[in-house]
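Bear in mind that the values here come from a model prediction, so they are computed numbers and not experimental data. Values below: all heavy atoms of this structure, side chains included; hydrogens, waters and symmetry mates excluded.
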Amino acid sequence: MGARRALHFVFKVGDRGRSARFYRELLGMSVLRHEEFEEGCKASCNGPYDGKWSKTMVGYGPEDNHFVAELTYNYGIGEYRLGNDFLGITLVSSQAVSNAKKMGWPLKEVTTGIFEAEAPGGYKFYLEDKEQLKQDPVLKVTLGVSDLQKSVNYWSDLLGMKIYEKDEEKQRALLGYADNQCKLELKAVGGAVDHGTAFGRIAFSCAREELPNIEALMKKENQKILTPLVSLDTPGKATVQVIILADPDGHEICFVGDEAFRDLSKVDPNGDKLLDDAMAADNSDKWFAAQKMKKASA
């Protein structure tokens, strides 16, 4: 197995303006690229929706060596129902804590020096009140699981992750592909995992030639494949190959060919402007208000 990289987590956002403010002004992330699409994604990147949508990548640095967030916005949908599947992202940034206090954004100190901040949509971020690391400050993504051992077996035995920590008493485990990458924390939720309609997706890259092998292994092991190996086009950018899997609890996992993804994910210096222009041109809220209607709740 070649080198694999943790890339990003996909969030569905109903309020693009407030979300942009949270990620840019509170967390201090940069817009790395912004893309608009007229119809739904072949790999359901924007969820099970066919209409117009956008993708905004935000993070602390280039996607080559930082774990980032993908904000997907479906123009006709105003809110999504949260489940207990996504339990939070932990990052190190005293600046983010300071920003939240200045903005008057609700903060809760959950343990000494670690503050919980809620992004629009209810997604939880845990901010360690320490100086931001020179390397990627995003430490881990935490997902809820129903059976810790079963999930650890899937991620380590089938997907090749290294187990960094395992605590039976606290029913949690920490896994990852490399010491210097964002880790995946699995935490038992004491029952079934509910994905709501806000369910996200975690993405990793691997060598393109490994993708058919991953697909073959999942078929052999009778594991769920949500989207068989497919090519995805982005107008004016590289075409990438992806396969979408589901773990034992239905968490969506994307594997993408690394070479083409590095080309696709180059930082666009116009990212901020493209996002701001798209938000300025988005009259969907006004249209619904004029019709005396609310955007759909998914």
Is a donor from one side chain sitting under 3.5 angstrom from an acceptor on the other, for [X] and [Y]?
| X | Y | value |
| --- | --- | --- |
| Y80 | N74 | yes |
| K140 | Q181 | no |
| Q171 | D167 | no |
| Y73 | N46 | no |
| E185 | T142 | yes |

message = The criterion is ring pair (Phe, Tyr, Trp, His ring centres under 6.0 Å); which residues satisfy it with F255, sequence neighbours excluded?
response = F204

message = Tell me if the aromatic rings of F125 and F22 count as close, with their centers under 6.0 Å from one another.
response = yes

ask   = Between F11 and F86, does the ring centroid distance fall short of 6.0 Å?
value = yes

query = Under 4.0 Å between a Lys/Arg side-chain N and an Asp/Glu carboxylate O for R208 and E210?
reply = no

key: Carboxylate-amine/guanidinium contact E70 R201, below 4.0 Å   = no

task = Examine K162 relative to Y177 and say whether NZ or CZ is less than 6.0 Å from the centre of the six-membered ring and inside a 45° cone about the ring axis.
result = no

Exercise answer: donor-acceptor pairs, residues 108-120 side-chain atoms, under 3.5 Å, sequence neighbours excluded:
from : atom 1 : to   : atom 2 : distance (Å)
E109 : OE2    : G113 : N      : 2.9
E116 : OE1    : Y126 : OH     : 3.2
E118 : OE2    : K124 : NZ     : 3.4

key: Gap separating the CD atom of Q132 from the CG atom of L27, nearest 0.5 angstrom   = 9.5 Å

